[in-house]
Novice: 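Let me begin by handing over the structure; questions about it come next.
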Amino acid sequence: MDNSADGAIAQPDTYGRSSLAAVDCRVHELLLRQEQQERTTLKLIASENFASSAVLEANGSIFTNKYAEGYPGARYYAGNEIVDELENLAIERLKTLFGSEHANVQPYSGSPANQAVYRALLSPGDKVMGLPLPEGGHLTHGWAINFSGTDYQRVPYGLDEKTQQIDYDRLRQTAKRERPRLIWVGGTAYPRVFDYASMAEIALEVNSYLVADIAHISGLIAAGAHPNPVRHCDVVSSTSHKSIRGPRGGFILSRKEDRYQALYHTKSKYNLARRIDRAVFPHLQGGPHMNAIAALAVALHEAANPSFQSYGQQTVKNAKALAQALLGRGYGLVTGGTDNHMLILDLRDRPLSGKAYAERLAKAGIITNFNMVPGDPRDPAVTSGIRLGAPAVTSMGMRDVEMLQIAGFIDSVLRRPDDEDLHARVRRDVADLCAAFEVPGISDK
Ligand code: DSN
């Protein structure tokens with residue numbers, strides 16, 4: 001529908017759902033379809049979740065309009081008194097929730113946050129140790145085709161072949177031999193707890209910065225369902241939209257002082273906290289997305305509520321229940337199970353690729369992503385694994401008993417990947433299961 005009257009200056013409408021329908025029926029229709037899809041399918045992507053209506057409201061608010069380049073009290077635009085309060089509120093909530101000395105809430109997302117970490121700590125060409133992508137690491141932890149692999153020297157550390165878990169002894173030997181300037185601890189497809197204390201010992205032995213990437217597990221840490229790396233690490237980076245249930249965005253926590261200032265940063269007059277801030281702005285980014293910072297502040301307020309602790313604990317219980325049920329049905333899982341919110345089905349011995357199975361599951365209303373498994377013989381574009389995660393279905397209120405049901409759905413699709421009638425039947429059962437639960441941000445709006 002075209003709302004502009006002849007000769008009239010178009011005014012932005014008051015925001016709100018009804019005005020979206022009136023102004024742009026095409027986008028509104030896509031939104032309704034996406035809502036319908038999310039309401040009736042099982043969101044098992046380990047990195048996705050349902051932000052609350054309050055988080056969505058803040059994210060869609062007029063804070064979108066404000067330019068605030070700089071930091072609270074030192075902006076390059078006028079009229080920032082209120083957003084200064086807002087950004088300080090988010091920073092203080094973050095520091096309190098994780099027990100950190102310093103916090104930056106401006107990174108646009110996880111990869112920009114990690115770029116800022118590199119810029120604050122290293123010079124191009126320095127050595128960086130990280131878990132390779134096929135073994136559960138992240139692109140930005142030193143992958144060949146990412147800036148982290150082209151601008152820095154990659155020193156991968158691997159998994160123990162038998163346990164498929166990080167081999168800390170071998171990691172220590174590699175670190176002593178290579179003496180990297182930075183060691184990453186964290187990943188996107190690693191279903192076990194990270195031993196931050198051991199990593200901190202190793203990093204100290206070789207004068208290396210230790211940086212935890214907690215993008216996947218920040219909500220679990222806030223809930224006390226995974227150890228907190230803050231006291232062991234120089235820097236901690238994260239996205240804000242995964243298990244912590246915030247808006248799309250990122251944040252960085254750090255110590256104030258750099259314990260290696262005298263070794264690696266003698267020429268800098270700035271301490272670690274200032275170098276992180278300066279790396280985010282002005283080095284890499286311009287104006288912060290104040291709407292995302294507002295929504296992050298809301299998510300942190302929600303995460304500080306005792307009910308979020310139950311959410312985090314239940315997420316881990318649900319992932320374990322799903323893992324047990326799938327193991328019981330004869331499936332192999334990377335590392336043999338899970339300690340956190342995710343599990344990775346190892347389908348190397350199955351006839352189809354991870355991608356092909358993920359497509360069949362999606363037809364049946366089970367939304368996952370295909371993923372490399374350690375030692376994967378297939379191409380990264382198709383893989384031999386499927387990653388499953390419990391954060392979103394736990395946000396809907398599902399518990400162990402529903403995980404058994406979900407394992408049954410997954411099993412029937414994977415057993416008969418070409419039976420479209422069966423997929424349609426499972427699709428209906430999935431919709432029936434979902435209908436018994438509220439979907440945050442959708443059912444309650
Ligand atoms: N895309 C994220 C994930 O799914 O884990 C990592 O960046």
Side-chain angles (χ1 to χ4, degrees), residues 38 41-51 107-118 128 130-149 156 159 166 184-194 211-221 226 236-252 284 292 296 315-316 319 322 333-335 338-346 354-355 357-359 361-362 366-374 376 380-395:
E38 301 213 354
T41 55
L42 291 163
K43 190 199 272 279
L44 293 182
I45 291 179
S47 48
E48 292 187 6
N49 211 333
F50 292 108
Y108 297 148
S109 200
S111 294
N114 287 353
Q115 284 176 52
V117 172
Y118 281 87
V128 176
L131 191 60
L133 194 65
E135 306 197 28
H138 188 250
L139 274 173
T140 56
H141 298 179
W143 191 236
I145 53 172
N146 182 261
F147 82 92
S148 61
L159 305 174
I166 294 170
W184 284 102
V185 51
T188 60
Y190 188 74
R192 297 293 176 177
V193 158
F194 293 100
V211 183
D213 182 336
I214 61 167
H216 265 262
I217 53 176
S218 54
L220 304 186
I221 293 167
H226 186 285
V236 174
S237 71
S238 187
T239 51
S240 51
H241 47 269
K242 298 188 174 93
S243 55
I244 196 127
R245 277 201 312 221
R248 293 201 92 85
F251 59 83
I252 302 173
L284 290 168
L296 173 62
T315 300
V316 174
L322 187 56
L333 296 179
V334 173
T335 78
T338 181
D339 295 327
N340 60 21
H341 62 297
M342 71 161 82
L343 41 141
I344 299 130
L345 274 172
D346 184 342
K355 183 175 187 214
Y357 284 121
E359 283 166 1
L361 286 169
I366 301 163
I367 311 299
T368 65
N369 72 281
F370 57 94
N371 213 94
M372 298 286 274
V373 296
D376 204 320
V382 294
T383 80
S384 301
I386 289 184
R387 190 181 64 165
L388 304 170
V393 288
T394 309
S395 290

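Remember, it's 1-based here, ligands and their atoms both numbered in the order they're listed.
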Novice: Any donor-acceptor pair under 3.5 Å linking the side chain of S238 with the backbone of S240?
Specialist: no
Novice: For H216, take its heavy atoms, then give the atoms of ligand 1 lying under 4.0 Å from any of them.
Specialist: 3 (C), 5 (O)
Novice: Quick test: of every protein heavy atom, which one is nearest to atom 1 (N) of ligand 1, and how far off is it to 0.1 Å?
Specialist: S47 OG, 4.7 Å
Novice: Name the one of D346, N371, D376 that satisfies side-chain hydrogen bond (donor to acceptor under 3.5 Å, both in side chains) with S384?
Specialist: D376
Novice: For atom 5 (O) of ligand 1, is there a protein heavy atom at a distance under 4.0 Å?
Specialist: yes
Novice: Centroid separation under 6.0 Å, is that true for the rings of Y118 and W184?
Specialist: yes
Novice: I would like to know whether S395 and R245 meet side-chain hydrogen bond (donor to acceptor under 3.5 Å, both in side chains); could you show each step before the answer?
Specialist: CA-CA 9 Å; S395 290; R245 277 201 312 221; 2.8 Å; yes
Novice: For ligand 1, which part of R387 has a heavy atom less than 4.0 Å away: the side chain, the backbone, both, or neither?
Specialist: side chain
Novice: Are E38 and K43 ion-paired here, with the side-chain N under 4.0 Å from a carboxylate O?
Specialist: yes
Novice: Indicate the atoms forming the closest heavy-atom contact of M342 with A189, along with that distance.
Specialist: SD-CA, 3.6 Å
Novice: Purely on distance, is any nitrogen or oxygen of T188 under 3.5 Å from one on ligand 1?
Specialist: no
Novice: Would K242 count as a polar contact of ligand 1, with the cut-off being nitrogen or oxygen pairs under 3.5 Å?
Specialist: no
Novice: Which heavy atom of the protein is the closest neighbour of atom 7 (O) of ligand 1, given with residue, atom name and distance?
Specialist: H138 NE2, 2.9 Å
